[in-house]
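Read through the structure below, which is laid out as structure tokens, and then see the notes.
On a predicted model such as this, the values are computed, not experimentally measured, just so you know. By convention in this document, chain letters (A, B, ...) are assigned in the order of the sequence lines, proteins followed by strands, and residues within each chain are numbered from 1.
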Protein chains: 2
Amino acid sequence: MRRALAERPLPSADDHAARFARQREADRTATAEDYVELIADLLREEGEARAVDLARRMGVSQATVTATIGRLQRDGLVETKPYRGLFLTEEGGRLAAAAKARHDLVVRFLLALGLDHETAEADAEGVEHHVSEKALKAFARFLADRETPGR
Amino acid sequence: MRRALAERPLPSADDHAARFARQREADRTATAEDYVELIADLLREEGEARAVDLARRMGVSQATVTATIGRLQRDGLVETKPYRGLFLTEEGGRLAAAAKARHDLVVRFLLALGLDHETAEADAEGVEHHVSEKALKAFARFLADRETPGR
DNA sequence: TCCAAAATTTAGCCTAGGCTAAGTATTGTC
DNA sequence: GACAATACTTAGCCTAGGCTAAATTTTGGA
Ligand SMILES: [Mn+2]
Ligand SMILES: [Mn+2]
Ligand SMILES: [Mn+2]
Ligand SMILES: [Mn+2]
């Protein structure tokens, strides 16, 4: 026999609004996180991060990359040397490191749940921007329990 | 001793771009999903869904709600009876039901991982738009295993 | 019935993030 | 050293989704 689904009465209007506000905030920062993470990856793996490669890997036109990089520069995350690629400021580097750590944790968690690699990566690309620190802690705990099951 | 982190070489540019494209697609549909889900909740819990209540609960101005509802109407998800509130079309109702089922599954999963209620709800509000069917299946499997641990 | 309060719409503005087409600048090869 | 290919920028466009301020419309109570 199946238990009735838990009743979930509507939250207060203020609480409800706060949740959506957090979601909007995450959406606003997602692009910056993805760009700096990708720039850091390219610098590490290829030695340089060119705008043209960002465009290819983001699946977006070069003009869009130019505009986005402009915003990242304005916000102090990125520096450019024309025809010499993109570089991260200190702040950009910190953001990239945090984004990558979070990205990797989400991927490992989804893999541990049984997802195939490509699905885990694809889902992580969106999910990573919306998980709280508490959720990340819970993911890490889950992974740790997996590795030392009896202990 | 700690194992070295798994090397994750960069995916092909096409695969990489496909992941970001999926993320952008999810972002595009997120607002519609949240609105129809909220309209359905209000209709069920309060008997009517007024634009003014959507504004309060979304944490957004009434003018913004008017504009958003206009897009939802254009897209065949919502109908309005001025000063009598908002209603869902058949398609809107289907989308709302799917969104609610997904929302609730994500919340139950996060609760099972040990998150407190408010964090689970807040995270779910964003995460729900970025989890694939495969991930949802994995979440459901995890919950089922929890309920019948020995079996 | 009147009319103030509430709900809704309209107008006008903004930013992020997309696009194409057409420039301009640099590189690297012959 | 010239110059084609490549990289990048600029111009001009678009939509979604925010905002405030100012109508306008409807409701409901005195
Ligand atoms: Mn991402
Ligand atoms: Mn990422
Ligand atoms: Mn949501
Ligand atoms: Mn939801």
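One finds no salt bridge joining A:Asp104 and A:Arg108 here, because no Lys/Arg side-chain nitrogen approaches an Asp/Glu carboxylate oxygen to under 4.0 Å. Salt bridge present: A:Arg19 and B:Glu118 bring a charged side-chain N and a carboxylate O closer than 4.0 Å. Salt bridge absent: B:Arg24 and B:Asp27 never bring a charged side-chain N and a carboxylate O closer than 4.0 Å.
For A:Arg28 and D:dC19, the CZ to P distance is 10 Å, given to the nearest whole Å. For the pair A:Gln73 CD and D:dC8 C1', the interatomic distance rounds to 13 Å; values are reported in whole Å. Following rounding to the nearest Å, B:Asp27 (CG) and D:dG17 (P) show an atom-to-atom distance of 10 Å. D:dG17 atom C1' lies 13 Å from atom CD of A:Gln23, rounded to whole Å. The interatomic distance linking A:Glu25 (CD) with C:dA16 (P) rounds to 13 Å, in whole Å. Put simply, CG on B:Leu86 is 11 Å from C1' on C:dT8, counting in whole angstrom units. For the pair A:Tyr35 OH and C:dG18 C1', the interatomic distance rounds to 10 Å; values are reported in whole Å. The distance from atom CG of A:Asp75 to atom P of C:dA16 is 8 Å, rounded to the nearest whole Å.
In this model, no side-chain donor or acceptor of A:Tyr83 finds a partner on the base of D:dT6 within 3.5 Å.
No contact: B:Ala67 has no heavy atom under 4.0 Å from any strand. Using a 4.0 Å heavy-atom cutoff across all strands shown, A:Val65 reaches no nucleic acid atom at all.
When each of D:dT20, C:dT20, D:dA7 is scored by its nearest atom to the side-chain atoms of A:Ser61, the top-ranked nucleotide is C:dT20. Distance from the side chain of A:Thr66 is smallest to D:dC8 among D:dC8, D:dG18, D:dA16. You'll find that the side chain of A:Ala63 is closest to C:dA21, out of D:dC19, C:dA7, C:dA21. Checking D:dC19, C:dA7, C:dG18 against every side-chain atom of A:Thr64, the shortest atom distance belongs to C:dG18. Checking D:dA7, C:dT8, C:dG17 against every side-chain atom of B:Arg50, the shortest atom distance belongs to C:dT8. Checked against D:dG18, C:dT27, C:dG17, the side chain of A:Thr31 finds its nearest nucleotide in C:dG17.
Taking the six-membered ring where the residue is Trp, A:Phe142 and B:Phe142 present perpendicular rings, their angle passing 60° and hence far from 30°.
Residue B:Arg71 has a polar side-chain atom (N or O) positioned under 4.0 Å from OP1 or OP2 of D:dG17. For D:dG17, the OP1/OP2 oxygens have no side-chain nitrogen or oxygen of A:Arg24 closer than 4.0 Å. Regarding contacts with the backbone of C:dT27, a side-chain N or O of A:Arg84 is found under 4.0 angstrom from either OP1 or OP2. Note on B:Arg74: a side-chain N or O is less than 4.0 Å away from OP1 or OP2 of D:dA16.
Side-chain N or O atoms of A:Gln23 include one that pairs as donor or acceptor with a backbone N or O of B:Glu125 at under 3.5 Å. Between the side chain of A:Thr89 and the backbone N or O of A:Gly76 there is at least one donor-acceptor pair closer than 3.5 Å.
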